[in-house]
Every structure is written in structure tokens, then in C-alpha cells.
Participant: 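Submitted below is the structure of interest, expressed as C-alpha cells.
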Amino acid sequence: MDKELKFNASQLLDKFLKLNNIDAFCELLDVNKKTLLYLIYGKKIELNYKSFEIKKKSGGTRTIRTPITSLKIIQQKLSVVLSLVYGSRLRPSVHGFCKDKSIVTNAAVHCGKKVVLNFDLENFFPSITFPRVMGLFTSEPFSLPKKVAAVLAQICTLNNELPQGAPTSPIISNLICSRLDGQMQKLANKNNILYTRYADDITFSSWNGNFPKNIATVERSSIILGKDLEAIIASNWFSINRAKTRMSFPSARQEVTGLTTNKFPNIKRDYIREIRVMLYNWEHYGIEKSKSEYFLCRKNKDKSPYKTDGNFEQVILGKINFVRMVRGSRDNIYKKLINKYNSIAKNGFPELELNENKTLEEYIWIIEVNDWEQGTGFLLEGYGMITCSHVIGIGGKIIAYRPKNPSKKYPLHLLRNRFGIDLAILQFEEGIRFPEFKKSNNQVNKRDSLLGIGFPLLYSNKEPFFYETKVVSFKERFYLPRIVLDKPFTGGMSGSPLLNNKNEVVGVIATGSKSFAEADEVVGYTATPIEHIDL
């Protein structure tokens, strides 16, 4: 069976939404009709899956059901088509099983908040039954004939539920939850709080010290979810896992989808420690002994019994790359781990330079207006001190200082303040010079990795924060394009430089509002392209 689809994305979407019989469906996926019907009707459906259990970190086990090769190929093709449909209906609050989204983008939304609420939807995949899946395909935007919808639902379900482990289950769950996400987002916006969902993991967070009563309250150390929240969950035929409902505050570790979020998305220390132990064992005891001990500990714990032990070197590299995904490619911990890996593997890769951040710190300033810290600024060659217009406001006494020497403050005078593009240019009143960034002359493209540097979270430690992000898209504000980023920048980052891989400025981070509803309405998580400074 051919694994590749023979139509392009536009053709697939058009043909799928016009399906009126099984023959057209088989042509769409390039599947033999007899093979398809035999798989879903000609034998016991259980024979199409291999099942095994893995241990949950919270206790108990989770049953994973993986389809046999022929059914798996069909599901993979169907998943591609369904993703095209969902792509046009994707809600910004959804971070699981979506392009350019991850546990990192999910956690980033809730960083630096005064209270975080987490809960899981109980029996998430089993709650999505055959009738619900068939109903999905017969309703808009699909509106497929019942016979076609029944075949699709049969392909996607096992014993009247979505099997965890099937390629189609993630995208089907997102489509089913579209109504839930819309209602939750509306509830969050109404109460000026944030909402995200990653699969069955739901998170709310707030800048205030507590949630409104219709969201959640704490009574005698017990979390009581609000009536409005409970009603939305029930109306979408889900239930809440009470045992995995928790509320956390800045005084304790706040966690979202496995990452800590007190200041920024971060990995638990145990994960970093495990990688270091694996590297140490490999270096001192050799690859074979280290591999056998590692996979012996992992046996029947978190992998399929149908799979053989993997490549130990690739396992370590995968873990190190996860650190890179969360902390960024410029992070010192990541650089130390990958340098050690490359050294032991003797693959000839050059050693990555450490402490780049120490150099870049020299370029970043805290902007203070009328004795109040307002945002971030940086010096740009040929222009002066750059920040956002909304940081300066209507002006007044403006000074700048660097956190390593907060007692030394330098007065600034305003040269230009363009509220329309949200950029301001200032100059030191004294004739002094400090390190300056260069302006990039290259165009920013979608998916580019960029680095933001600034002082978030009301300058909690007076240390610059280095935040890697990617360009998601571009949108207009006042007829000028803005760079849309995949991670939100918290208050205090307004005016921060956005750097390319040459450490040239490509934009100025513009999000600094404490109100999620206001920030989303006004600018979203965006940066002003640096070329606007010449307008």
C-alpha cells in the first residue's frame, strides 16, 4: 500500500469536503476498496491493533493500542487530510497535536502568573465514542453522507472509542473539542484570564492572586471548580479528573504540561541530571554497558514491548534536543550537554561557544519613567536608545540603567515617539558610549528562530531574560506588518530587541500589557519590524 497521498493539499481539501461515496474516499486516499472494507468489516476489529500498557507517572497504567501496518497507513493519510480541515479552524488556545505548537508554547502562556489552575479531562480518548466521531463527520464543515461518515468513524475507533496510539486519534480529539475550546476561551476572555488545552490537559492562569468564583475557589485546602466551568465540561460530554486538579502560586513550583512556569518554560532538574548521568556512564564505562543498564531500567516502563531497544546514542541526543527545544539553542546548559555529547561521540562537530549571554547583557537596559520601571531598551547603531512608545507614554523624567549597576542611572531625552508604529528613539543627555546592536537589513521569514532579551516579570531578579521564539506569521496593525511570535512575552519585555542568528536587530517586542484580553486585542504576541524605525 502506497504511503504517499497523490494529491496536493488544496486538492485533498477540496475532494474531501465533496465526498459522497466510499469509492471517492478510496480514490482520495489511494486505497484499495476491498482492502479497506476487509480491514474494518471483514474481520474482528481487535485484530487490527496491538495493545500494551505503560506505567503512568501518577500511578496506574495506560493502555496503548497501535494499528497494524495496513490500517496505520490509512489512518496516517486520513490524519493528513483532517489536519488540513482543522488548520483553518485552529483555535489559538490549542497547543497539542498542532503545527508550530508544543508543550513549550503551551507552558509559555502561563509563565509568571500569580495563580495557575490545572486539571485533566478524565478518560479523554475513551470519552470520544463512535457516535460522536460519526456525528462530527456528518456535521459542518464536513457534512458527509452517513455511509461515508460511518466508514470514517469505523477507521478511527476501536470498540466504540478512540484508541490511544492510532495516528487519527489526536486530530479527531481536537476536532471534537473545537466547541469546548471556543466556550472555554470565551469564558477566559470574559474573566480576563488565560486558557490553553494540550490534549486532555487544561490550564487556566491569572495575573491576580485568585480566580473568579465561576472559575475556581479554594475552600479548606480543597479546590472547588466554578459552576460555569463545570457546565461547559459537562455540556461537551467530558468529565474532570478530580485527582489531577491542582492550583499553584509563585511561592511553590508552578507546572504546566510537565514544564515549570514560575518565570519561563523550564525543564525539571532531574531531567538534566539524568542526561548528565547518561553522558558520564557512556564516557567512563563505554556504550554497551551504559546502554544495557539504561534499557534494563526502562524495561516495561515507558516503551512498547513490540519495539527493540533503541540506539543509546540517539536516545541521549533526543533528550539533549528536548532541552534545546525548551531552553533554546543559545542556552548554556544545552551547549554544555551537546558539547559533551559531541566530545564523547567523536563526531568532529566544533564546540559551541559558552557565555554568549554575558556579552549580550551589555546591550540591554531597563527604562524608567518618572521613577517607575516601565520596560526594556537597547542601543541601536546610528539611532540611539530604542524602546516602545507605550513604554515612554506621555514622557516625563526618563532614565536608563543596566542591572549590574542599578545605582548608575543615565538621563535620556526623547527624539521621536511614534505611537502609530509603537517605537521611540531616545539619546543620552551625556556624551557617553556603550555597546550598540546593528540593524538587520535582511527580511524576517516565517519559521525563523529569533532571540528576545529583556526584563520580564517586573524585573524580579534584575537579570536579562533570554527567550528564543519562532516567527509564526505576520499581521497588520495600522496598515503596517507586525511579526507574530509563537510564545508570549510577559510584562517588562516591551522594547526588547528581537535578534537573528547574527545578533542583528530584526524587531522590537511590543507586547507588555498585563491584561491578556487587551494584549490580544491590541497587538497579540508580536514585534514591530525594525525597518519601521525609518518611517
Side-chain angles (χ1 to χ4, degrees), residues 108-109 111-113 207 261-266 327-328 330-332 356-369 372-380 383-393 398-406 409-410 412 422-426 434-440 444 449-471 482-500 503-514 519 523-530 533:
V109 174
C111 286
K113 303 307 182 291
W207 285 274
T261 59
N262 294 68
K263 293 182 180 180
F264 54 89
N266 204 357
R327 297 182 65 97
R330 305 191 191 199
D331 177 72
N332 266 359
E356 177 189 29
N357 291 359
K358 290 294 183 182
T359 302
L360 294 177
E361 283 180 10
E362 298 295 317
Y363 294 77
I364 311 302
W365 297 73
I366 292 176
I367 303 296
E368 193 176 279
V369 182
W372 288 92
E373 296 162 334
Q374 294 294 322
T376 302
F378 62 94
L379 288 170
L380 186 66
Y383 293 88
M385 181 72 73
I386 309 300
T387 189
C388 287
S389 289
H390 73 263
V391 168
I392 303 302
I398 306 172
I399 62 173
Y401 66 91
R402 292 188 290 184
K404 70 176 186 179
N405 191 8
K409 299 185 177 183
Y410 299 89
L412 293 162
D422 201 10
L423 287 179
I425 304 176
L426 307 100
F434 288 96
E436 298 175 315
F437 282 120
K438 292 182 182 294
K439 175 185 168 188
S440 173
V444 177
S449 292
L450 304 174
L451 179 69
I453 316 173
F455 300 92
L457 312 177
L458 300 178
Y459 324 100
S460 54
N461 292 319
K462 295 293 191 295
E463 293 181 358
F465 177 51
F466 294 77
Y467 203 169
E468 286 198 53
T469 183
K470 286 186 178 180
V471 178
R482 281 281 184 92
I483 304 168
V484 182
L485 306 166
D486 71 340
K487 298 176 189 175
F489 288 85
T490 56
M493 293 289 282
S494 295
S496 301
L498 199 61
L499 309 178
N500 60 18
N503 290 332
E504 298 170 334
V505 179
V506 298
V508 181
I509 296 169
T511 301
S513 173
K514 293 182 181 180
V523 292
Y525 302 124
T526 66
T528 303
I530 194 62
I533 203 166

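Numbers here simply count residues along the sequence, with the first being 1.
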Participant: Does NZ in K439 sit with more than 12 non-hydrogen atoms of other residues, nucleotides or ligands closer than 6.0 Å?
Facilitator: yes

Participant: Is W365 close to L379 at the side-chain level, that is, under 4.5 Å between some pair of heavy atoms?
Facilitator: yes

Participant: Looking at K409, I want to see if its NZ is surrounded by more than 12 non-hydrogen atoms of other residues, nucleotides or ligands under 6.0 Å.
Facilitator: yes

Participant: Which residues pass the side chain to side chain donor-acceptor pair (under 3.5 Å) test with E362, sequence neighbours left out?
Facilitator: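 By the side chain to side chain donor-acceptor pair (under 3.5 Å) rule, E362 matches R402, K404.
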
Participant: What distance separates R482 CZ from T528 OG1, expressed to the nearest 0.5 Å?
Facilitator: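 So the CZ of R482 and the OG1 of T528 are separated by 3.5 Å.
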
Participant: With sequence neighbours excluded, tell me which residues meet ring-ring contact (aromatic ring centres under 6.0 Å, His included) with F437.
Facilitator: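 F437 satisfies ring-ring contact (aromatic ring centres under 6.0 Å, His included) with Y363 once adjacent residues are dropped.
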
Participant: If you take all heavy atoms of I392 and V369, which pair is closest and at what distance?
Facilitator: O-CG1, 4.0 Å

Participant: Taking C-beta and beyond as the side chain, do T359 and N503 meet within less than 4.5 Å on heavy atoms?
Facilitator: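 Result no, sub-4.5 Å side-chain heavy-atom pair not found.
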
Participant: Using the side chain to side chain contact (heavy atoms under 4.5 Å, CB included) definition, which of the options I530, N500, L498 pairs with V505?
Facilitator: I530

Participant: Quick one: closest heavy-atom pair of H390 and S494, and the distance?
Facilitator: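 Nearest pair, atom of H390 first, then S494: NE2-OG, 2.9 Å.
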
Participant: I want to check something: taking the side chain as every heavy atom from C-beta on, are T526 and I483 in contact at a cut-off of under 4.5 Å?
Facilitator: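 With C-beta onward as the side chain, the pair stays apart.
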
Participant: Are side-chain heavy atoms of I364 and S496 found at a separation under 4.5 Å?
Facilitator: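 They are not in contact (no side-chain heavy atoms under 4.5 Å apart), so the answer is no.
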
Participant: On a heavy-atom basis, which atom in M385 and which in A400 lie closest, and how many Å separate them?
Facilitator: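 Where M385 meets A400 most closely, the heavy atoms are CE-CB, 4.1 Å.
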
